[in-house]
Amino acid sequence: MSISENIAVIRRQIDAAAARTGRTGADITLVGASKMNDAAACREAVAAGIDVLGENRVQEMTQKLSENAYDGVPLHFIGHLQRNKVKQVVGKAVLIQSVGSTALLDEIEKTAEKLSIVQDILLEVNIGGEEAKSGFAPDALHEAARYAKTLPHVRVLGLMTIPPVETEPHGNVPFFARMQALYVDINQNIYDNKLKYLSMGMSGDYAEAIEAGSNMVRVGTAIFGARNYSK
Ligand SMILES: *Cc1c(COP(=O)(O)O)cnc(C)c1O
């Protein structure tokens, strides 16, 4: 199947999942996770109506920006971001979804201030408490959210998570439910209900994530096909 056929199939699934929660597909942002796919594939996704493209690696994003791979849609950064690469992402990606430490918040603040811009971000939550994964621990999130609010050049638009790799079908449903509860809580108590995005759900579980309250899904494989790691 082509990229545009894949996107059409996913849109129908998104519509159905959204309808089960009293929403419509228009309430859900579909982010194409385009890592390891070339500029031509990105352009194909744009032509097929993808809402956003999301990139994981700074070097790859910089290269593909120079090839105008993302023209026509907003670009998000969704991967692990090292502090020494923040300068290459702030002001380039309209939303940095993967901000999971106060050190990274500080670096983004500093860089955005120099550019006289406000950088939109999501706070990443390590909902599975996995040692190898970045993101704020759920019980550190309130403090992080309050801290982020004090930074004048950073604006928090919501939360993002990458749950553990599923060991059984529907294994991530409890994590999605906990994220939704955290989102509602933080939104009410810290952000006066101004948050916009709960970013969760990938190729294998985006419908379940939407049913749990996600309004932004990041889908790679189901759009672009399996990534070729040998290249
Ligand atoms: C690659 C990636 C995705 C998409 O994963 P698929 O399983 O290929 O859909 C989503 N989010 C992040 C942060 C990613 O790195």
Side-chain angles (χ1 to χ4, degrees), residues 6-35 50-52 54 56 76 78-80 95-101 121-142 144-145 156-191 193 195-227:
N6 289 338
I7 290 175
V9 168
I10 292 163
R11 288 281 191 201
R12 283 198 291 277
Q13 307 278 354
I14 287 176
D15 288 346
R20 290 193 283 275
T21 63
R23 295 175 294 170
T24 72
D27 298 315
I28 314 295
T29 301
L30 174 58
V31 179
S34 49
K35 58 172 173 278
I50 197 88
D51 297 317
V52 171
N56 271 71
H76 290 186
I78 62 176
H80 178 68
L95 183 68
I96 304 175
Q97 294 203 12
S98 40
V99 182
S101 72
I121 67 152
L122 303 182
L123 297 173
E124 181 176 354
V125 183
N126 184 358
I127 197 65
E130 294 171 282
E131 230 159 76
K133 223 163 241 173
S134 38
F136 292 102
D139 57 13
L141 187 62
H142 287 73
V156 177
L157 293 188
L159 303 181
M160 179 271 222
T161 198
I162 308 169
V165 174
E166 280 185 320
T167 51
E168 53 186 295
H170 317 298
N172 283 333
V173 170
F175 293 119
F176 292 149
R178 285 183 66 200
M179 278 300 297
Q180 160 73 2
L182 272 174
Y183 179 74
V184 169
D185 179 21
I186 297 253
N187 200 11
Q188 274 174 6
N189 294 313
I190 301 179
Y191 284 100
N193 285 314
L195 294 183
K196 290 186 177 162
Y197 301 121
L198 175 56
S199 173
M200 59 184 190
M202 316 202 303
S203 288
D205 55 19
Y206 62 86
E208 288 174 336
I210 291 167
E211 285 173 32
S214 168
N215 62 11
M216 178 172 274
V217 293
R218 310 175 309 270
V219 180
T221 311
I223 294 176
F224 297 104
R227 290 178 286 274

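Remember, predicted model here, so these are calculated numbers, not experimental data.
- To the nearest 0.5 Å, atoms CG (Leu195) and CG (Leu157) are separated by 7.5 Å.
- Note on residues 22-34: pairs passing side chain to side chain donor-acceptor pair (under 3.5 Å), not counting sequence neighbours, are Thr21-Arg23, Ser34-Glu55.
- Checked by atom type and distance alone, the side chain of Asn215 pairs as donor or acceptor with a backbone atom of Lys196 at under 3.5 Å.
- The line from OH of Tyr206 to CD1 of Ile28 is 12.0 Å long, rounded to the nearest 0.5 Å.
- Counting only heavy atoms from C-beta outward, the side chains of Ile186 and Leu123 never approach each other to under 4.5 Å.
- Applying the side chain to side chain contact (heavy atoms under 4.5 Å, CB included) rule to Asn193 yields the partners Asn187, Gln188; only residues at least two apart in sequence or on another chain are considered.
- You'll find the side chain of Leu159 stays beyond 4.5 Å of the side chain of Leu122, heavy atoms only.
- Here the closest heavy-atom approach between residue Gln97 and residue Arg218 is recorded as OE1-CD, 3.3 Å.
- With contacts defined as side-chain heavy-atom distances shorter than 4.5 Å, the pair Pro164/Phe175 qualifies.
- The side-chain hydrogen bond (donor to acceptor under 3.5 Å, both in side chains) search around Arg20 returns Glu211, not counting sequence neighbours.
- To the nearest 0.5 Å, the span separating CE on Met179 from CE on Met160 amounts to 9.0 Å.
- Judged by distance alone, the side chain of Ser203 and the main-chain N or O of Ala222 form a donor-acceptor pair under 3.5 Å.
- Applying the side chain to side chain donor-acceptor pair (under 3.5 Å) test to pairs two or more places apart or on separate chains, those with a residue in residues 125-134 are His80-Ser134, Glu130-Lys133.
- Between Ile127 and Leu182, the shortest heavy-atom distance links the atoms CD1-CD1, 4.0 Å.
- Annotation for Pro174 and Gly171: closest pair CD-O, 3.4 Å, computed over non-hydrogen atoms.
- The CE atom of Met200 sits 13.5 Å away from atom CD1 of Ile162, with the distance rounded to the nearest 0.5 Å.
- Contacts of Asp51 classified as salt bridge (Lys or Arg N to Asp or Glu O under 4.0 Å), with partners at least two apart in sequence or in another chain: Arg11.
- Residues passing the salt bridge (Lys or Arg N to Asp or Glu O under 4.0 Å) test with Arg227, sequence neighbours excluded: none.
- Under the 3.5 Å distance criterion, the side-chain polar atoms of Ser98 are matched with a main-chain donor or acceptor of Gly79.
- For Ala140, the side chain to side chain contact (heavy atoms under 4.5 Å, CB included) partners at least two apart in sequence or on another chain are Ala137.
- Between Ala212 and Ala177, the shortest heavy-atom contact is CB-N, 4.4 Å.
- The side chain to side chain donor-acceptor pair (under 3.5 Å) pairs that include a residue from residues 170-183 are His170-Glu208, Asn172-Asp205, where partners are two or more places apart or lie in different chains.
- Here the shortest heavy-atom pairing between Phe176 and Pro163 reads CE2-CG, 3.7 Å.
- Residues passing the side chain to side chain contact (heavy atoms under 4.5 Å, CB included) test with Asp185 are His142, Asn189, sequence neighbours excluded.
- Scanning both residues, Ala145 and Ile190, for their nearest heavy atoms gives CB-CD1, 3.9 Å.
- Remark: Ala33 engages Ile78 in a side chain to side chain contact (heavy atoms under 4.5 Å, CB included) (not counting sequence neighbours).
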